[in-house]
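Just so it is clear, the values below take in all heavy atoms, side chains as well, and ignore hydrogens, waters and symmetry mates. We're numbering straight along the sequence, starting at 1.
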Amino acid sequence: SYSALSTINRDNVGQLTAAWRAPIRQGPSMTVPLVHDGVMFIHTFPDTVLALDASNGNVLWRYRREGIQRSTTKTGIALHGDKVFVPTSDKHMVALHAKTGEVIWDKAVAPARSPYSLRAAPMVVGDKVIQGVTATRAPKGGYVFALDIETGEEAWRFNTIARPGEEGGDTWNDVPLERRTGGSVWHQYTYDKELNLIYFGAAPTYDTGPLVHPVEKKGVSSEALFTNCTVALDPDTGRMVWWYQHMENDQWDLDWVFERQIVTLNIDGKPRKVVMNMGKMCLLDALDAATGEYLFSIDSGTQD
């Protein structure tokens with residue numbers, strides 16, 4: 001990640017030395033620590049949150065989720081005000097008190113014994129904490145949901161696999177909803193305060209067989225929306241404002257799910273806010289951040 005802080009610079013970076021070390025248990029965590037007011041919060045294996053004194057590594061408090069049969073991969077947690085928001089392996093979102101680690105509320109967001117998982121770090125926008133769901137082979141696919149930060153009550157839910165009869169519902173080769181899978185949201189989200197939009201990517205489906213051969217039915221396609229899309233949502237309501245599909249009917253798991261970057265570029269002589277990202281092929285697509293209009297692509301040179 002990039003930081004505008006200037007204490008560490010090109011002149012002194014070579015002088016960095018280890019200040020402290022805190023051992024954590026080995027496991028399938030990919031977490032990024034959060035540091036605020038001298039405290040480091042980290043989500044580690046197995047389903048454990050540590051608050052450390054960032055100056056020396058001493059543990060200030062520890063939260064351990066009990067009753068977990070199998071701890072799944074996590075990439076982070078969220079901090080807002082006096083609350084730390086923690087996704088768990090048994091499909092709950094937990095709000096902990098940032099000073100003590102005590103549970104403020106605990107909300108189930110999917111059945112404990114289901115194929116879903118909560119891998120991405122949550123994100124707070126306004127009065128809601130927003131979380132994506134990994135749903136690799138789950139019938140009906142993945143979703144993104146928002147909870148009230150004070151109560152934990154669900155405010156809205158957006159399904160990443162288009163439903164029959166709704167926008168994009170006819171893009172699944174006439175496959176019934178129960179056989180539509182994928183659309184996992186397992187990477188981070190991006191928020192633009194000016195436009196009040198959140199951006200995220202939905203992964204492809206791994207059950208690609210039903211999409212291989214077109215059904216030759218009028219009005220039906222096999223694009224498989226909203227997989228491999230950039231989706232822009234209103235964080236207050238969960239309403240989809242726009243979508244753009246980078247790759248339809250992905251038979252190769254080329255995954256346009258990674259985090260989006262928001263930049264202002266000079267396009268046709270005028271500044272324009274752009275949201276852009278790339279999939280596994282390292283092709284960068286740039287879209288208008290307000291409308292989703294396609295602007296340009298760049299090949300980073302990795303294609304053979």
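Between Q245 and M247, the closest side-chain pair of non-hydrogen atoms is not below 4.5 Å. Using a 4.5 Å heavy-atom threshold, the side chains of P210 and N173 count as separate. By the 4.5 Å heavy-atom criterion applied to side chains, W20 and L52 are counted as neighbours. For the pair L233/V241, no side-chain contact is recorded, criterion being any heavy-atom separation below 4.5 Å from C-beta on. Here the side chains of W105 and L147 are in contact, with some heavy-atom distance below 4.5 Å. Between F200 and H187 the shortest side-chain heavy-atom distance does not fall below 4.5 Å. Under the 4.5 Å side-chain criterion, counting only non-hydrogen atoms from C-beta, R163 is in contact with K140. Contact annotation: the side chain of V274 never approaches that of I262 to less than 4.5 Å [non-hydrogen atoms, C-beta and beyond].
Going from atom CG of L287 over to atom CG of N277 covers 7.5 Å, rounded to the nearest 0.5 Å. Between the CG atom in L211 and the CG atom in D174 there is a gap of 11.5 Å [rounded to 0.5 Å]. Atom OG1 of T230 and atom OH of Y244 lie 9.0 Å apart (nearest 0.5 Å). To the nearest 0.5 Å, atoms NZ (K74) and CD1 (I42) are separated by 13.5 Å. The structure places CG of L225 at 3.5 Å from OG1 of T171, a figure rounded to the nearest 0.5 Å. Rounding to the nearest 0.5 Å gives a distance of 9.5 Å between CE of M40 and CG of L34.
Within a 6.0 Å radius of CD1 in I8, no more than 12 heavy atoms belonging to other residues, nucleotides or ligands are found. More than 12 non-hydrogen atoms from other residues, nucleotides or ligands lie less than 6.0 angstrom from CZ of R64. Heavy-atom neighbours of K273 NZ from other residues, nucleotides or ligands within 6.0 Å: above the threshold of 12.
Using modelled atom types, one finds no donor on one side chain facing an acceptor on the other under 3.5 Å when comparing T190 with Q261. Looking only at atom types and distance, the side chain of D90 has a donor-acceptor partner in the side chain of T88 under 3.5 Å away. A donor-acceptor contact closer than 3.5 angstrom links the side chains of Q251 and N249. No side-chain donor-acceptor contact under 3.5 Å links E102 and H97.
Residue pairs that meet the side chain to side chain donor-acceptor pair (under 3.5 Å) test with at least one member in residues 285-300, sequence neighbours left out, are H246-D285, R272-D288, R272-E293, D285-S297, D288-T291, Y294-S297. Listed by first and then second residue, the side chain to side chain donor-acceptor pair (under 3.5 Å) pairs involving residues 23-37 amount to none (not counting sequence neighbours).
Neither V94 nor I68 shares a network with the other; the hydrophobic side chains, linked directly or stepwise wherever heavy atoms of I, L, V, M, F, W or Y lie under 4.5 Å apart, form separate groups for each. One hydrophobic cluster, built from ILVMFWY side chains closer than 4.5 Å, cannot hold both W156 and I149; they sit in different ones. Note: the hydrophobic cluster containing V257 does not contain Y189 (ILVMFWY, side chain heavy atoms under 4.5 Å, direct or indirect links).
Of all non-hydrogen atoms in N159 and F226, the two that sit nearest each other are O-CD1, 4.4 Å. Smallest separation of non-hydrogen atoms from G81 and L79: O-CD1, 4.2 Å. The minimum heavy-atom distance between G183 and A202, with the atom names listed, is O-CB, 4.0 Å. Closest of all the heavy-atom pairs between A54 and V35 is CB-CG1, 4.3 Å. Between T302 and C282 the shortest heavy-atom distance is OG1-CB, 3.5 Å. The nearest pair of heavy atoms linking A162 to G169 is CB-N, 3.6 Å.
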Throw together a table of side-chain donor-acceptor distances under 3.5 angstrom for residues 107-132, partners on residues two or more places apart or in other chains.
| residue | atom | partner | partner atom | Å |
| --- | --- | --- | --- | --- |
| S114 | OG | P111 | O | 2.6 |
| Q131 | NE2 | A120 | O | 2.9 |

Review point. Are K280 and F258 close enough, and set up right, to give a side chain to side chain contact (heavy atoms under 4.5 Å, CB included), and what steps lead you there?
Key: CA-CA 9 Å; K280 290 178 181 175; F258 308 106; 4.1 Å; yes

**Study point:** side chain to side chain contact (heavy atoms under 4.5 Å, CB included) assessment of M278 paired with L283
**Key:** CA-CA 5 Å; M278 57 177 63; L283 299 171; 5.6 Å; no

Practice item. Please lay out, stage by stage, how S89 and T72 fare under the test side-chain hydrogen bond (donor to acceptor under 3.5 Å, both in side chains). Key: CA-CA 6 Å; S89 295; T72 57; 3.2 Å; yes

Point to revise | Stepwise side chain to side chain contact (heavy atoms under 4.5 Å, CB included) check, V231 with F158 | key: CA-CA 10 Å; V231 178; F158 173 80; 4.0 Å; yes

Practice item. In sequence, state the C-alpha distance, the side-chain angles, and the governing distance for R137 and D207, and then conclude on salt bridge (charged side-chain N to carboxylate O under 4.0 Å, His left out). Key: CA-CA 7 Å; R137 296 188 182 275; D207 186 13; 5.3 Å; no

**Study point:** Stepwise side chain to side chain contact (heavy atoms under 4.5 Å, CB included) check, V39 with D53
**Key:** CA-CA 5 Å; V39 179; D53 183 328; over 6 Å; no

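Test T160, I161, D250 against T227 for side-chain contact (heavy atoms from CB on, under 4.5 Å) and you get one pass: I161. With R65 as the fixed residue, the side-chain hydrogen bond (donor to acceptor under 3.5 Å, both in side chains) test singles out one of T48, D106, D47: D106.
Using modelled atom types, one side-chain atom of N266 and one backbone atom of K270 make a donor-acceptor pair closer than 3.5 Å. With hydrogens and angles disregarded, no donor-acceptor distance shorter than 3.5 Å links the side chain of E223 to the backbone of W172. Side-chain atoms of N12 come within 3.5 Å of backbone atoms of T7 as a donor-acceptor pair (strictly under, hydrogens ignored). A distance-only check finds a donor-acceptor pair linking the side chain of S184 to the backbone of A135 [under 3.5 Å]. Using a distance-only test at 3.5 Å, with no hydrogens or angles considered, a donor-acceptor pair links the side chain of N228 to the main chain of W256.
A ring-centre distance under 6.0 Å is not found for Y199 and W243.
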